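For reference, the structure discussed in these notes is given below.
Counting starts at 1 for both ligands and their atoms, in listed order. Model, not experiment: these values are computed from the prediction.
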Amino acid sequence: MRGKAQTVLGLIDPAQLGSTLMHEHLLWNITAPARRGESLGEPLNPGQWWDLLNSHVGNLHNTTQHDHNRAIRATAEMVAHGGQTVVELTIGGLEPDPEGLVKVARETGANIVMGCGHYVHDYQDPANTERSIDSFAKEMIDQVQLGAWGTEVRAGIVGEIGCQWPWTDLEKRTLAGAVIAQQETGGALTIHPARYEDHPWMLVEFLREHGADMSRVIIDHIDRTIFDDDRLFRLADAGVVLEWDLFGQENTYYAHSDIDMPNDGSRIKAIRRTIDRGHRDQIVISHDICHVIQFSEFGGHGYAHIHKKVLPHMVKRGFTTAEIDQIMVVNPRRLLTFI
Ligand SMILES: [Zn+2]
């Protein structure tokens, strides 16, 4: 695998990856564990759009997306606007559908790189609480080398490994296993930090202790986690990759924690400051779409948003072609190439 990237259709030359969204979901179930098993209820109603945006749990049709054709239409839209690769991080606890991703890749021509491992504690299979670090590590190594979730479809990245606050022992064991999987497979490791501004730094300390390759670790969801440059730059100085992956979320009101959600303009300014400080090779971006109302056919921004709106806006704000190429092509290619 060394020197190659791995999509759901197999190994490819990393030069074929092109412009890449590093954190998305195409087929998933992010319904709160307490509501699993309920009937989906009333279909989505456009009149509820704003309420759903600001309190995601209101409608189970919004949190469940197993429709292959809908995923194909949404991905085709990204391809039509210049996107070539999607990193799809639906993993244990979120009902991954590897065969569905194969279908989307075949129908759209997009490269789809699948993640592996487990999401946050509350979403994990209760049976996992008894499992060891080595058992998690072996599972993730197998998912990269042999196939995932009972299929022969292989993962191309480790994660998004989930953490909640307070950070649980189960999540620490899962992450320690993921570090071993990173070392054994030569893949990159992508981590969903807890919704707590000091947690990313706790991750850095944990990863150092466990011997992770920091240059191949991605800290996800910077936009909803870090709100000051001291924490931001300290993290950048640790050598990890920073991922602003909530592009298109333009609402102040965030349903999952008491923060003021930034908009795309503030995200772009934070990226500018990070580049100006010398961290151009540590930045990636995405939309992390995981609610159906974010699909363009339901009135949302959709998977084409970054290529359609954000990149032209960055140009208007003075970003050079080389900087945009670094964020969209060069950094993802380095991370998705197995070493
Ligand atoms: Zn995600």
Side-chain angles (χ1 to χ4, degrees), residues 8 20-33 53 56-57 62-66 71 74-75 78 83 85-98 100-101 104 110 112-124 140 143 148-149 155-165 171 174-175 178 187-196 199-200 203 217-226 240-249 254-257 259 261-262 267 284-295 300-303 305-306 332 335-336:
V8 293
T20 300
L21 300 177
M22 281 299 288
H23 190 137
E24 300 296 339
H25 302 271
L26 296 169
L27 298 163
W28 75 80
N29 182 359
I30 198 165
T31 300
L53 180 70
H56 292 306
V57 291
N62 191 26
T63 49
T64 315
Q65 163 34 27
H66 287 310
T75 306
M78 177 205 73
T85 298
V86 188
V87 176
E88 213 281 4
L89 297 177
T90 303
I91 53 167
L94 298 174
E95 296 182 5
D97 178 359
L101 297 181
V104 177
I112 300 181
V113 175
M114 183 174 76
C116 66
H118 294 275
Y119 195 53
V120 298
H121 186 126
D122 289 352
Y123 282 76
Q124 285 209 36
M140 287 180 255
Q143 288 175 331
W149 316 115
I157 188 167
V158 178
E160 61 175 305
I161 302 302
C163 306
Q164 59 193 41
W165 191 257
E171 290 169 336
T174 310
L175 184 58
L189 166 59
T190 186
I191 304 173
H192 166 111
R195 293 186 179 90
Y196 169 49
H199 188 253
L203 284 172
V217 168
I218 306 157
I219 306 292
D220 307 343
H221 315 321
I222 292 295
D223 353 19
R224 59 84 165 139
T225 315
I226 303 249
V240 294
V241 175
L242 308 169
E243 183 176 274
W244 281 266
D245 51 23
L246 301 174
F247 270 94
Q249 289 204 29
Y254 182 55
H256 300 295
S257 58
I259 59 157
M261 177 65 89
R267 291 180 179 103
V284 292
I285 64 174
S286 211
H287 312 98
D288 191 19
I289 286 179
C290 56
H291 291 88
V292 171
I293 59 160
Q294 295 170 318
F295 279 64
H301 50 288
Y303 300 83
H305 174 68
I306 284 179
L335 292 161
L336 295 176

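- For the residue pair His25 / Glu160, a side-chain donor-acceptor distance below 3.5 Å is found, with atom types taken as modelled.
- Residue Glu160 approaches the Zn ion (ligand 1) most closely through its N/O/S atom OE2.
- Taken to the nearest 0.5 Å, the CD1 atom of Ile219 stands 9.5 Å off from the OG1 atom of Thr225.
- Residue side and main chain included, His192 places no N/O/S atom under 2.8 Å of the Zn ion (ligand 1).
- Expressed to the nearest 0.5 Å, how far CG of Asp97 lies from CG of Asn29 amounts to 12.0 Å.
- Around the Zn ion (ligand 1), the two atoms NE2 of His25 and OD1 of Asp288 are separated by an angle of 80°, to 10 degrees.
- The atom of His23 nearest to the Zn ion (ligand 1) is NE2, with the search restricted to N, O or S atoms.
- Remark: aromatic rings of Phe247 and His305 are distant, center separation not under 6.0 Å.
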